[in-house]
Each structure stands twice: as C-alpha cells, then as structure tokens.
Amino acid sequence: MRKKIVAGNWKMNTTVPEGVALAKEVVGEAASLSSEVKLIVGTPFTHLASVADVLAGSQVALSAQNCADEAKGAYTGEVSAKMLASLPVEYVILGHSERREYYGETNEKLVKKINLALAENIAPIYCVGEKLEEREAGKHFEVVAAQIKEVLFGLTEEQMKNIVIAYEPVWAIGTGKTATSEQAQEIHAYIRSVLAEKFGALAEEISILYGGSCKPSNAKELFAQKDIDGGLIGGASLVAADFIAIAKSF
Ligand code: 13P
C-alpha cells in the first residue's frame, strides 16, 4: 500500500506569527483526519523552529522548501540539510519549478541536494513537471522522463524508498487551471513506468503527488485516480480548512 500524502507548500507566504497561527489551526483540524493520510506542512526556513514546536506530538510532519547543494562552509545565505536535520524536519521539497526557473536549479544540483538530504534522513519531495509550451509541443513525457532519470536513476533502491515525487505541471501552478484527472493520471502512470525501468517493483511503492491548483473542489476526483497518491498544495494550504478538506478527499 502506498502512503497517502497531502503536503502544503507555503512558499514565501506568512510572517512567523502568522505561520504559527496557521500551523495551530492545521493541527486542530487534523485531529478529525484519518491516520491513513500523512499531512505535511512546508514552511519557510525562518518558521521551521517555531512551527516544529506547534506540530510536536501531532500527526502533522514538517518540511522545508529547499536545502543547499553543499554540505557546509562559505556559502553565505544557504541552509544545509544538516541544519534542517537539527530540527524535527522530516521532509524537504526539492526541484520545485519556481526554483528551477528563478534560481537556476539544474538536475545536476538537485542530485547533490537529494543526496545531502537523504544522508541526514530527510525525505525529499522531488518535483517534476513540464511548462505550457512543452505540453503544447507534446514533449511533456520526454521532459518529465529526463527530470526523473537524470536526478533519481543514480540512487540506490534503499535511497529511493525515501523519495516522494510530486508532478506539478508548471501551467497549472497558481493559475487556477488544473490538469484534468485524466491528464494527471496519464502522466503519473507514465512516471511510475519510468521508475519501474530502473527500480522494478519498488515503483509501485513510491507515492506520486499531484500539484497545481489543487483545491477542495477538485481533489476528490484527482485522488480517485489509481496512480495519484495525494497532493502538493500551494495556495489552498494557506487556509487550514481548505487544506484539511483536501486531505479528507481520499
Ligand atoms: P498552487 O496550489 O498554488 O497552484 O501551487 C502548487 C505548487 O506549486 C505546490 O508546490
């Protein structure tokens, strides 16, 4: 049985007090949730320690949104995986399209980040997804396959067991435009088949989340698809009631 996961990506939103208040609301509402669903909140670095205190003893896990591609040293402004691991951070979102697009994150850098996170027992939520022009040119399978192969195929099976994948079509992020459940299922199944080329039966165990304008009104249909194991939620994760409603959509 694959893990069902609903993860919030707060992106660069909320002050620390606002984030703490949001985390408290999420924890409060999560009490009514089935323990089958793993809930995760992905906060900015500045919020991690305070939000960790709020989440302590709850069923909600903590995620960062990035980590450095070097272990330590003279890298002003960077935050290492080891620093994250000194807090109760269990996950880290890596390879988000916003980081690939605006901060020059290449597949090569992502290999380093993933290895550093795994070495600290932090599970990467590795994001893949095509841009609008790539989908329109019919290149979405090719683009996603390269993101999977170039970054994950160097991992061992033992490492791969700790990876969560998020498929986020760039054209659906923050646009209100969601992939249809058929489009999402088609590419999720494809991602699983690519994983199977390298990792065999383990591909069936890997959770693949959908992200991109996922909200309470469309989560049910998306999560009903065979290869969609949950969601990576941006905007709707900033409203506790919506985030929990999404988590109740399985
Ligand atoms: P939205 O849910 O706001 O479209 O964002 C999706 C996303 O990028 C999550 O990582």
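Since the model is a prediction, treat every value here as computed from it, not as a measurement. FYI, side chains are in, hydrogens and waters are out, and symmetry mates aren't considered; it's all heavy atoms of this structure. Just so you know, ligand 1 is whichever comes first in the structure, and atom 1 is the first atom listed for that ligand.
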Is Glu197 salt-bridged to Lys149, going by a charged N under 4.0 Å from an acidic O?
yes
Do Asp229 and Arg2 sit within salt-bridge range, that is, some charged N less than 4.0 Å from a carboxylate O?
yes
Polar contact flag, side-chain donor to acceptor under 3.5 angstrom, Ser32-Lys248:
yes
Suppose I only count heavy atoms of [X] and a 4.0 Å limit; which atoms of ligand 1 are within that range?
{"X": "Ala172", "answer": "4 (O)"}
{"X": "Glu168", "answer": "6 (C), 7 (C), 8 (O), 9 (C), 10 (O)"}
{"X": "Gly235", "answer": "1 (P), 2 (O), 3 (O)"}
{"X": "Gly212", "answer": "4 (O), 6 (C)"}

Based purely on interatomic distance, does [X] place a nitrogen or oxygen under 3.5 Å from a nitrogen or oxygen of ligand 1?
{"X": "Ser213", "value": "yes"}
{"X": "Glu98", "value": "no"}
{"X": "Gly234", "value": "yes"}

Write out the residue and atom name of the closest protein heavy atom to atom 5 (O) of ligand 1, then the distance separating them to 0.1 Å.
Lys11 NZ, 3.3 Å
Which bit of Leu232 is near ligand 1, meaning a heavy atom under 4.0 Å away: side chain, backbone, both or neither?
both
Where's the contact between His96 and ligand 1, heavy-atom distance under 4.0 Å: side chain, backbone, both or neither?
side chain
Ignoring hydrogens and geometry, is there a side-chain-to-backbone donor-acceptor pair from His47 to Gly19 under 3.5 Å?
no
If you apply the rule side-chain contact (heavy atoms from CB on, under 4.5 Å), what do you find for Glu90 with Ile122, and how did you get there?
CA-CA 5 Å; Glu90 293 178 57; Ile122 296 177; over 6 Å; no
For Glu158, I'd like to know if atom CD has over 12 heavy atoms of other residues, nucleotides or ligands within 6.0 Å.
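Incorrect, the count does not exceed 12.
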Just say parallel, tilted or perpendicular for the rings of Phe250 and Phe223, cut-offs at 30° and 60°.
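Phe250 vs Phe223 ring planes: parallel.
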